[in-house]
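Here's the structure we're looking at; comments come further down.
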Amino acid sequence: MKYFYKFLLSVFMYSKIIKNMNENQIEAITSNNKNLLILAGAGSGKTRVLVNRIFWLIKNQNISPKSILAVTFTNKSSKEIYNRINKLIKFNINDIWVGTFHGLAYKMLYLNSNNKNFQIIDKNDQIYLIKSITKKLNLDIKKYPPIKSMYYINKIKNLGLYSKDYVDMNCSNEFNNKLLYIYKIYQKECYKHCFLDFGEILISANDFLFKNPVVLKKYNMQFKYILIDEFQDINNIQYKWISTIKNKNNKIMVVGDDDQSIYGWRGAKSEFIQKFIFDYPDTKIIRLEQNYRSTGNILFAANELINNNNNRIKKKLWTQKKNGELISIYSAKNEIDEAVFIVNYIKIWKYNGGLLNDFAVLYRKNIQSNILEKILLRNNINYEILNSINFFNRIEIKLIIFYLRFILNNNDNISFLKIINTPKRGIGINTINKINEISKKYKISLFKAVYKILKYKILKNRQFLNLNGFFILINEIKKKIINLKLYEQINYIIQKIDLFLMYKKKEDFKIRINNVYELIELSKKFYFENIKETEILKLFLSNIILNNDNIDIKKIDSVKLMTLHSSKGLEFNQVFIIGMEEGIFPNKFIINSKSLEEERRLAYVGITRAKKKLILTYTKSRYLHGKNIFPIPSRFIKEIPKKFIKKIENYKIIL
DNA sequence: GCGGAGACCCTTTTT
DNA sequence: GGGTCTCCGC
């Protein structure tokens, strides 16, 4: 009897899972093949397939949630998957390992490594550190810009390599040799400080598994099902990590679309799709080519555009939907006219009872949102910018974070230098030079050098008093906050350093104070039972960098503004793509053909975000970087056949 | 040591 | 245009 009910239940579940699914989707969800490659076109229900497969595994195949590893690239999509599964399955959801490559690699390290004192550093910290190294090596900052060095280092890290393992093709080149040397010193500094940059998280996690066969075996056994989203965006070190975790018994499903590979500059190679088939010859390939998102004209136009790329796995998306409206193109006088046109269009829509949520405006680079913002504000239209300046990168927030980081680890020289004289306490360049000198001489951290300077009275008078004041302040904070909750710690630091006083005279005082309160609110939510406060602080600091989109999108009706890159995975009824001009999109730095194909894929991603209406705009004149330029329309416009296009000549102005 | 004025430089996408 | 760096006067 018991078995019969179980059988009935599984039949019921099965019908629920496959409801409204097409044949290929059902196959992808329920396949028992060991290695699966799902070639999923834009809008083909890829996330639904992924989520429902997890659901099917748990409910129909009785797979334990903890046996499932689901990897994504962005926090946005990992959250999306988490939430959707959460709706379907109410219990043990947290046992599923779902997250980004970086998040999961960090989790693995944190749970298993004896050393939990690593501090994750972001791009800005990297640049700051590299800059100080470049100076220390007496290299010209202009000849060796820290940003360039950082890209060079990260490029090699994405291959999973250290400076000693990397052979530069231009190794006879003095310049590249120096960069490699900067990498070497940079890595040394990172080890010294227990810093993990993004690349290092993956390298370390991979190395750790190699060096700890017991842990590796544990995960080999545990993860019976591995699912990877956006596989076209995978890079060397990520592929290595997955290959390490996978053994011959576990089942893997990768989902990807080479036409949507837009992260080549981050080391992503869609060729890994082919490599996957080569490495696992028994891979079953399932194609999802029915598009459920866009109307015919939009979809066919996108197909035609992407067909101009040579290096791609050929596929043809189709839809059952009607052709719908033609793609509109507006040729604006300048960037102001472009923004006015868009806002005007949106206003008319709203006036006729439409929602602002229907609209997204996509652009190639972030500065393009400036004028648009102004015009939207002037017309009282709600808007939200997705992924603009990161909340945790605002200076007032960063400062608090640097204090927390420093309190946690006094040897963290980066945060030391960030807080030593902020707020101003009369510690200037001379004092800091002295600290640097002592630290170098005795090979001790900057903070220990401060202690030495004070103990032996190396500095005198005002310099001594000011430095002593800082030393006392830090020790006071350290002593006091040890038993406080995270949010109380933050509160205490704010009071102690008189943070608000710093911004009192500034006009953006209110915004900054609100940001600080928002941080406190966030930290209140950050709480785990049975974990010490110092551990919570460590996790909080890592989490801030790994999940940089912590601030929830507000639910008010608003127009969404974002870059083409961050639009991936989203959909909107009406989409504007602005600045369709040679030099802007495709970007002027991209002349060689391989990157041009990536720009075209980016255009493809943008176009396929639209469900019902797509509007492309370009300007005849644009004020950029203090100069007027006169761009010509983007080649991507010309690549869309005329039969899909309608030009907007005049429009009614209601502004 | 601090803060303001002016020079100079660079313009992309993100975990 | 705007962010960063440098120089100079207080």
Side-chain angles (χ1 to χ4, degrees), chain A residues 71-78 99-106 120-124 126-128 131 135 141-142 145-148 150-151 154 157-158 196-202 230 233-235 237-238 261-268 335 362-371 386-390 392-393 395 420-433 459 461-463 465-467 505 542-549 562-569 579 583-590 595 598-599 601-603 605-606 622-629:
Chain A
V71 195
T72 66
F73 279 81
T74 63
N75 292 304
K76 207 160 54 194
S77 51
S78 76
T100 63
F101 273 100
H102 294 85
L104 293 170
Y106 176 76
I120 298 179
I121 59 169
D122 65 7
K123 190 177 103 183
N124 297 323
Q126 271 190 298
I127 293 170
Y128 193 76
K131 196 171 166 186
K135 279 184 183 163
I141 285 285
K142 289 197 180 103
I147 292 182
K148 288 244 168 75
M150 178 196 69
Y151 277 121
N154 288 349
K157 284 207 169 189
N158 284 334
L196 287 183
D197 58 38
F198 285 123
E200 194 65 26
I201 295 172
L202 296 167
E230 309 276 14
D233 287 333
I234 203 163
N235 68 26
I237 184 64
Q238 288 161 339
S261 164
I262 54 174
Y263 289 111
W265 46 275
R266 217 168 69 188
E335 76 281 358
L362 312 182
Y363 36 81
R364 182 61 177 82
K365 46 185 181 178
N366 278 309
I367 25 161
Q368 287 175 269
S369 68
N370 285 356
I371 310 130
L386 272 75
N387 275 344
S388 64
I389 296 168
N390 188 331
F392 295 106
N393 273 334
I395 34 174
I420 176 83
N421 199 33
T422 321
K424 298 252 179 301
R425 43 177 80 94
I427 299 174
I429 191 75
N430 288 329
T431 308
I432 290 169
N433 281 344
L459 291 172
N461 304 332
R462 223 175 61 197
Q463 288 187 326
L465 282 176
N466 290 342
L467 193 59
K505 287 177 202 147
S542 307
N543 196 54
I544 277 172
I545 299 176
L546 288 172
N547 300 315
N548 62 10
D549 61 353
M562 70 195 84
T563 62
L564 286 147
H565 279 87
S566 44
S567 75
K568 192 160 85 165
I584 303 243
F585 190 31
N587 191 283
K588 68 175 166 187
F589 297 100
I590 288 144
S595 300
E598 182 152 313
E599 289 286 287
R601 290 195 290 269
L602 192 56
V605 167
R622 181 180 289 275
Y623 189 67
L624 202 65
H625 308 308
K627 260 188 243 150
N628 270 319
I629 54 165

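Below, chain A is the first sequence line, B the second, and so on; all start at residue 1.
- Residue A:S566 places none of its side-chain N or O atoms closer than 4.0 Å to OP1 or OP2 of B:dT13.
- Residue A:R266 contributes atom CZ, which lies 6 Å from atom P of B:dT15 at whole-angstrom precision.
- Comparing A:I147 and A:Q238 along DNA chain B, the residue whose closest nucleotide (by nearest heavy atom) sits nearer the 5' end is A:I147.
- The side chain of A:K424 lies closest to B:dC2, out of B:dC2, B:dG1, B:dT12.
- Between A:N430 and B:dG1 there is a side-chain polar atom (N or O) within less than 4.0 angstrom of OP1 or OP2.
- For A:R425 and B:dG3, the CZ to P distance is 14 Å, given to the nearest whole Å.
- Judged as a side-chain contact (heavy atoms from CB on, under 4.5 Å), and not counting sequence neighbours, the contacts of A:I147 are A:I127, A:Y151.
- One finds a side-chain N or O of A:T431 lying less than 4.0 angstrom from the OP1 or OP2 phosphate oxygen of B:dG1.
- Between A:Y363 and A:T563, the side chains place no donor N or O within less than 3.5 Å of an acceptor N or O (distance only, hydrogens not considered).
- Here A:Y151 lies in heavy-atom contact (under 4.0 Å) with a base.
- Judged purely by distance below 3.5 Å, without hydrogens or angles, the side chains of A:Q238 and A:D233 never pair a donor atom with an acceptor atom.
- The residue A:D122 sits apart from the nucleic acid: no heavy atom pair falls under 4.0 Å.
- For A:N75 and B:dT14, the shortest distance from a side-chain N or O to OP1 or OP2 is not below 4.0 Å.
- Taking atom NE2 of residue A:H565 and atom C1' of nucleotide B:dT15, one finds them 13 Å apart after rounding to whole Å.
- Atom CZ of A:F198 and atom P of B:dT15 are 8 Å apart (whole Å).
- Here A:Q463 pairs with A:N430, A:T431, A:L459 under the side-chain contact (heavy atoms from CB on, under 4.5 Å) rule; sequence neighbours left out.
- As judged by a 4.0 angstrom heavy-atom cut-off over every strand, A:I429 is placed among residues touching the sugar-phosphate backbone only.
- Considering only the side chain of A:R364, B:dT12 comes nearest among B:dT12, B:dT14, B:dC2.
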Nucleotides 1-10 of chain C: protein proximity per nucleotide (B base, S sugar-phosphate only, - neither; heavy atom, under 4.0 Å) = B---S-----
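- The closest donor-acceptor contact from the side chain of A:R425 to the backbone of A:I420 lies under 3.5 Å.
- Distance A:I262 CD1 to B:dT15 P: 11 Å, rounded to the nearest Å.
- Among the atoms of the strands shown, only primed sugar atoms or phosphate atoms (P, OP1, OP2) are found under 4.0 Å from some heavy atom of A:F73.
- Between A:I120 atom CD1 and B:dT15 atom P the separation is 14 Å, expressed in whole Å.
- Between A:L202 and A:F101, the closest heavy-atom pair is CD2-O, 3.9 Å.
- Per the geometry, CZ belonging to A:R462 stands 6 Å off C1' belonging to B:dG1, to the nearest Å.
- Here the side chain of A:E335 pairs a donor or acceptor atom with the backbone of A:Y623 at under 3.5 angstrom.
- The residue among A:Y263 and A:K148 whose nearest nucleotide of DNA chain B lies closer to the 5′ end is A:K148.
- Taking atom P in both C:dT4 and B:dT13, one finds a spacing of 15 Å when rounded to whole Å.
- If you measure from atom CG of A:D233 to atom P of B:dT15, you get 11 Å, rounded to the nearest angstrom.
- For A:D197 (side chain) and A:E200 (main-chain N/O), a donor-acceptor pair under 3.5 Å exists by modelled atom type.
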